[in-house]
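Below, read A as the first sequence line, B as the second, and so on, with proteins coming before strands; counting in each chain starts at 1.
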2 protein chains.
Amino acid sequence: MSAPPLRKRPTQDDVARAAGVSQTVVSLVLNDRAAASISPETRQRVLAAIDDLQYVPDGAARGLRTRKTLIVASLIPDITNPFYPAFERGIQDVADGRGYDLIAYNTDGQREKELRCLRSLQRTRVDGVIATPFQLTADDFAPLIGGGVPVVVFGELVTAGPGSPFDSVFLDDAAAAAELVGYLIDRDYLPLAMIAASAEHLRREGRATAYQRVLAERVPTQAPLLARGDDPTEAGGYAAMRALLAGPTRPRAVFAANDMMAMGAMVAIREAALCVPDDIAVAGFDDITVARLLNPPLTTVAQFPERLGRQAAAMLFARLDGSVTGAGQRVEMPYELMIRESA
Amino acid sequence: MSAPPLRKRPTQDDVARAAGVSQTVVSLVLNDRAAASISPETRQRVLAAIDDLQYVPDGAARGLRTRKTLIVASLIPDITNPFYPAFERGIQDVADGRGYDLIAYNTDGQREKELRCLRSLQRTRVDGVIATPFQLTADDFAPLIGGGVPVVVFGELVTAGPGSPFDSVFLDDAAAAAELVGYLIDRDYLPLAMIAASAEHLRREGRATAYQRVLAERVPTQAPLLARGDDPTEAGGYAAMRALLAGPTRPRAVFAANDMMAMGAMVAIREAALCVPDDIAVAGFDDITVARLLNPPLTTVAQFPERLGRQAAAMLFARLDGSVTGAGQRVEMPYELMIRESA
DNA sequence: CTGTTAGCGCATTCAG
DNA sequence: CTGAATGCGCTAACAG
């Protein structure tokens, strides 16, 4: 094969002609309508013709008619943060099982990009959406919801009160962070610092707030040591840790808002010829796959992203097949402290 | 907002009515047809109506007419291997710039899943495909190519000879592996072992072959020490390394077919109370983001996946906008040895 | 410069 | 049990 023949794709009409039936019949056997039973023998003829012509239904045409595209969309900040591929994978696996395709969008947590994705979603007419919004509010989703497209949110939508139409899967970030901070204090890792991304990522502020609260409660003598990196990435963690090391008080331990930042921090610590955890202990959040593989293995909070994705997808499909209707459901997922050697 | 109003989405007809023009005019201003100029004032009226009604074109309907969906698809083995998110991100960023959406498929490198994805692609009628096939052959893509859908392959398609209609971006895996193996031998890391995934992942065999060839050439006295893990994952690397450690000859260094396997191997080595690189040196392949962040930082071969994705996407869009036609182009991408501390 | 008309491929009434 | 006719929302001739 080198010069592509470029023959037009066969349509139901072609199949019908080949099978000596009407196009309607082809549609009927394709959709297995129980109402109009097809004689088993014509059915076979049609199936044979389909196979013969390599007919594949046209999703666009079908979608135009049925208002269903068999596509769902997922909105995440950045596929490059290992937490999200796992999340996506969870979604994808259940979508796949339902015969759905998945369109993935990266928003980088920027409101402008998030909005652009939303617009894209409207154009492509997806059947459902799973979103991990950073800046979006409930109102931004109104056109989608108004159009009857179910939306499952990972985390909590800032403006979504009770009776909100959004399903959500979330975990108690603040409690998890508090527990981890408590553990670090128990181990006497003081002074205890925290590194986080710039505050505009409101979404993750629960962790920083928890840090400040627990610290104030349990170690009122220590002033909070909160360093900010630009992004919730390894680079952000590295920069924040450097700032911390250059500061007046060297922390005995650092709680990073996520594992990537923790990894960046570890690099900065090593570069300063210090040792983890003997000089400075490090803890993260997420338990991405590699956390366990680091040297030393990273103490962190496991979120089980793949399971989160599966749960979100399950809720979405429950809406899509009509088995759940009415007000949005909120499902809280478990987290787990993973105590390893880094702290 | 709690009870969704569920009003039907506005169509061009609605917009036309609101603007007091015909539906055609709406279509014309939307598509900026140079041919039929619209008077600037009606144009404004239409735009206002669009904005007012929050009209968004229906991709399915448009696609039915234009045979363009503004969707491209990417076929990768597993988004959970950090190499691929970066690759995807590269694709996504250029697709985004062109106003295209991206559907992502995970094939797990299994032929059956790969075929299923291909079928899905036909249904959803994507405009172009970027594929990282493991088991697929050129023939499997025939329906796509025959339908005029351009396909860019990452790597080389086993059966694609000269004059093949496939564009491809690839790098000289074997040369890169040979170079790395050569380096390890130069450093006297002998005996030198390799760990790789089971041989059915033909795609990666270039690396194992290079290992065997260079070893045979330069160290004829050492028998090849090739251990197989089931999957090209951290778990596979761990298992293979364990097997190696349980074997009769303990290697002085291990070359892993990819970074995830290398990380698994490092864990196994540490568990055996051995030290990297003093007892056993470790090298990988890919240079995923975390490779540099490991302790010790991983010596590996950089593939620059994001750049690969961008390149593949660029070639795809060159086909889509007609700026490139004819036989498939093959673009070889550079790799780079990243010598760090693990070997 | 703008309106009329005709399908794209399919699911779905309604007749036979 | 099967076929003919209709329209989903849109673009693209073709008239006016």
Atom [atom1] of [X] to atom [atom2] of [N]: distance rounded to whole Å?
X     : N      : atom1 : atom2 : result
B:D13 : C:dT4  : CG    : P     : 11 Å
B:L28 : D:dT11 : CG    : P     : 9 Å
A:L64 : C:dG9  : CG    : P     : 12 Å
A:R9  : C:dC8  : CZ    : P     : 15 Å
B:I50 : D:dC10 : CD1   : C1'   : 13 Å
A:R45 : D:dC1  : CZ    : P     : 14 Å
A:Q12 : C:dC10 : CD    : C1'   : 5 Å
A:D58 : C:dC8  : CG    : P     : 12 Å

Residue whose closest nucleotide on DNA chain C lies nearer the 5' end, A:R65 versus B:T42:
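Going by which nucleotide is closer to the 5' end, it is B:T42.
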
Between A:F83 and A:F154, how do the two ring planes meet: parallel, tilted or perpendicular, split at 30° and 60°?
parallel

Under 4.0 Å from OP1 or OP2 of [N]: is there any side-chain N or O of [X] that close?
X     : N      : value
A:Q23 : D:dA5  : no
A:R67 : D:dG9  : yes
B:T24 : D:dT11 : no
B:R62 : D:dT11 : yes
A:S27 : C:dT12 : no

Looking for any heavy atom pair under 4.0 Å, which part of the strands does B:T11 touch: base, sugar-phosphate only, or nothing?
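Since only primed, P, OP1 and OP2 atoms lie under 4.0 Å of B:T11, the category is sugar-phosphate.
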
Under 4.0 angstrom, heavy atoms only, what part of the nucleic acid is A:V26 near: base, sugar-phosphate, or nothing?
nothing

Closer than 4.0 angstrom, basic N to acidic O: yes or no for B:R89 and B:D93?
yes

With a 4.0 Å cut-off on N to O distance, would you call B:K113 and A:D96 a salt bridge?
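Salt bridge between B:K113 and A:D96, a charged N being under 4.0 Å from a carboxylate O: no.
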
Would you say that A:P150 contacts A:L316 through its side chain, given a criterion of any heavy-atom pair below 4.5 Å between the two side chains?
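The answer is yes, as the side chains (C-beta and beyond) meet within the 4.5 Å cut-off.
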
Rounded to the nearest 0.5 Å, what's the gap from CD on B:E114 to CG on B:L136? Could you check?
3.5 Å

